[in-house]
Number of protein chains: 2
Amino acid sequence: MSPTATVPSYGCTCARLRKLARRVTRIYDAHLAPQAIKVTQYSLLANAARGERTVSEFAAELEMDRSTLSRNLAPLAAHGWVSISVGADPRNRSIGVTTAGRRKLKAALPLWRKAQCEVESILGTAGVGELHRRIEAALAALPTTSGKRT
Amino acid sequence: MSPTATVPSYGCTCARLRKLARRVTRIYDAHLAPQAIKVTQYSLLANAARGERTVSEFAAELEMDRSTLSRNLAPLAAHGWVSISVGADPRNRSIGVTTAGRRKLKAALPLWRKAQCEVESILGTAGVGELHRRIEAALAALPTTSGKRT
DNA sequence: AGCATATGCGTGTAATTACACCTATATGCG
DNA sequence: CGCATATAGGTGTAATTACACGCATATGCT
């Protein structure tokens, strides 16, 4: 095998990533503001619209802590955009989208599209493509969980 | 000029970026845990160690809201790692690192290094290099602020 | 000198994130 | 059946993030 690096060759990948995430999030949020929804919420809503799931399943897909997802769903439920109903196993909560939620999604979609297009046009199609490729490669390779946490 | 995209070609760049940020943050945090410091705090501390600055200057460099920085500095100050002193202009706060802060940095550096090296070895030197290149390109091209907010 | 404005920073509010831990329910084994 | 354990979810606590706004101080103009 090739010599594994024992000394970092770049700056803090995490810090750079987080900085970019802040910047990009601001762009999307600015575009979505007229619909009074944030990109995090929009993503959650769009994801929920792909079918009913339990909190755990949902959290696993997003690779988000269950408790984080619970908390993030609360404002969406408060707006009446998602439904949280008890499943067959009463321990389960089935997360779904309401009619109002679908309406919201429909209204916000063009705003999200504008944000996404702005980013794509600024970075160039090739640039965004390569960025996405790198992100996906990292998501495919990096461990999902760093601790124990069954 | 080339035809500007009017329809998005990729998924939500923001969501993918945030997902990766979550994952990477968990990795760094897990490595830094023995020193009871999170990667966000470590970054802040390392950045502060580069010289005294006002909150606004600091926030501008990190492209972080001033209020966000204020809040993030609070726990570091509570630990005695950073000093927040009133400047010549009493409106200013000068942010600096304390001796304890430098000690903390020194103790945490090898842990950060391990995290960074782990990421680099998993993604490969070339992979991380390309990821960084894409991040830097995006940071260079994308607008810093999306709203007004002088 | 005095007031309008600009600047610097914090607070209020709210959402995002995660770990540790608790509760409730289900399941498996004697 | 009854109890140990596993599973699903939420709470407590704390940090990260940002917008709107407020307070204090400085600066500029008359």
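Letters A, B, ... mirror the listed sequences (proteins, then strands); counts begin at 1. Heavy atoms only: backbone and side chains are in, while hydrogens, waters and symmetry mates are out.
A:Leu69 CG to A:Ile95 CD1: the interatomic distance, rounded to the nearest 0.5 Å, is 6.5 Å. To the nearest 0.5 Å, atom OG1 of residue B:Thr125 and atom CD of residue B:Glu120 are 6.5 Å apart. Between A:Gln116 atom CD and A:Tyr28 atom OH the span is 3.5 Å, to the nearest 0.5 Å. Distance check: A:His132 NE2 to B:Arg16 CZ gives 8.5 Å after rounding to the nearest 0.5 Å. Distance CZ/A:Phe58 to CG/A:Leu73: 6.5 Å, rounded to 0.5 Å.
The residue among A:Asn92 and A:Asp29 whose nearest nucleotide of DNA chain D lies closer to the 5′ end is A:Asn92. Comparing A:Asp89 and A:Leu69 by the nucleotide of DNA chain C whose heavy atom lies nearest to each, the residue mapping closer to the 5' end is A:Leu69.
Considering only heavy atoms from C-beta on, A:Ile37 comes within 4.5 Å of A:Leu45 through its side chain. Side-chain contact between B:Leu17 and A:Leu20: present, with at least one pair of heavy atoms (C-beta onward) separated by less than 4.5 Å. A heavy-atom distance below 4.5 Å is found between the side chains of A:Ile122 and B:Pro143.
Each of D:dA26, C:dC19, D:dG10 was ranked by its minimum atom distance to the side chain of A:Ser67; first place goes to C:dC19. Here the nucleotide nearest the side chain of A:Arg93, chosen from C:dA18, C:dC9, D:dG9, is D:dG9. In the set C:dA18, C:dA26, D:dG10, the nucleotide with an atom closest to the side chain of A:Arg66 is D:dG10.
The side chain of A:Asn72 contributes an N or O atom lying less than 4.0 Å from OP1 or OP2 of C:dT16. For B:Thr68, a side-chain nitrogen or oxygen approaches OP1 or OP2 of D:dA18 to under 4.0 Å. One finds a side-chain N or O of B:Arg26 lying less than 4.0 angstrom from the OP1 or OP2 phosphate oxygen of C:dA18. In terms of phosphate contacts, A:Ser56 brings a side-chain nitrogen or oxygen within less than 4.0 Å of OP1 or OP2 of D:dG9. Side-chain nitrogen and oxygen atoms of A:Arg18 include at least one within less than 4.0 Å of the OP1 or OP2 phosphate oxygen of D:dT17. Contact annotation: A:Arg91 does not reach the phosphate of D:dT7 (side-chain N/O to OP1 or OP2, under 4.0 Å).
A:Glu63 places its CD atom 12 Å from the P atom of C:dT17, with the value rounded to the nearest Å. Rounded to a whole Å, the CG atom of A:Leu17 is 15 Å from the C1' atom of D:dT16. The distance between atom NZ of B:Lys19 and atom P of C:dT17, rounded to the nearest whole Å, is 12 Å. As rounded to whole Å, 14 Å separates atom C1' of D:dA14 from atom CG of A:Asp65. Distance, A:Ile27 CD1 to D:dA18 P: 12 Å, rounded to whole Å. Put simply, CZ on B:Phe58 is 17 Å from P on C:dG8, counting in whole angstrom units. When rounded to the nearest whole Å, the span between CZ of B:Arg71 and C1' of D:dA18 equals 9 Å. Here C:dT16 presents its C1' atom at 18 Å from OH of A:Tyr28, a figure rounded to the nearest Å.
For B:Arg133, the side-chain hydrogen bond (donor to acceptor under 3.5 Å, both in side chains) criterion is met by B:Glu130, not counting sequence neighbours.
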Take B:Asn47 and B:Ser43 through the side-chain contact (heavy atoms from CB on, under 4.5 Å) test and state the conclusion after the steps. CA-CA 6 Å; B:Asn47 229 293; B:Ser43 291; 5.8 Å; no

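Using a 4.0 Å cutoff on non-hydrogen atoms, no part of residues 101-111 of chain A comes near DNA chain D. In the region residues 38-54 of chain B, proximity to DNA chain D at under 4.0 angstrom, judged on heavy atoms, holds for B:Thr40, B:Gln41.
With no hydrogens or angles considered, no side-chain donor-acceptor pair links B:Glu63 and B:Thr144 at under 3.5 Å.
With hydrogens and angles ignored, no donor-acceptor pair under 3.5 angstrom links the side chain of B:Arg22 to the base of D:dT16.
Look at C:dG30: its Watson-Crick or wobble partner, with both distances under 3.5 angstrom, is D:dC1.
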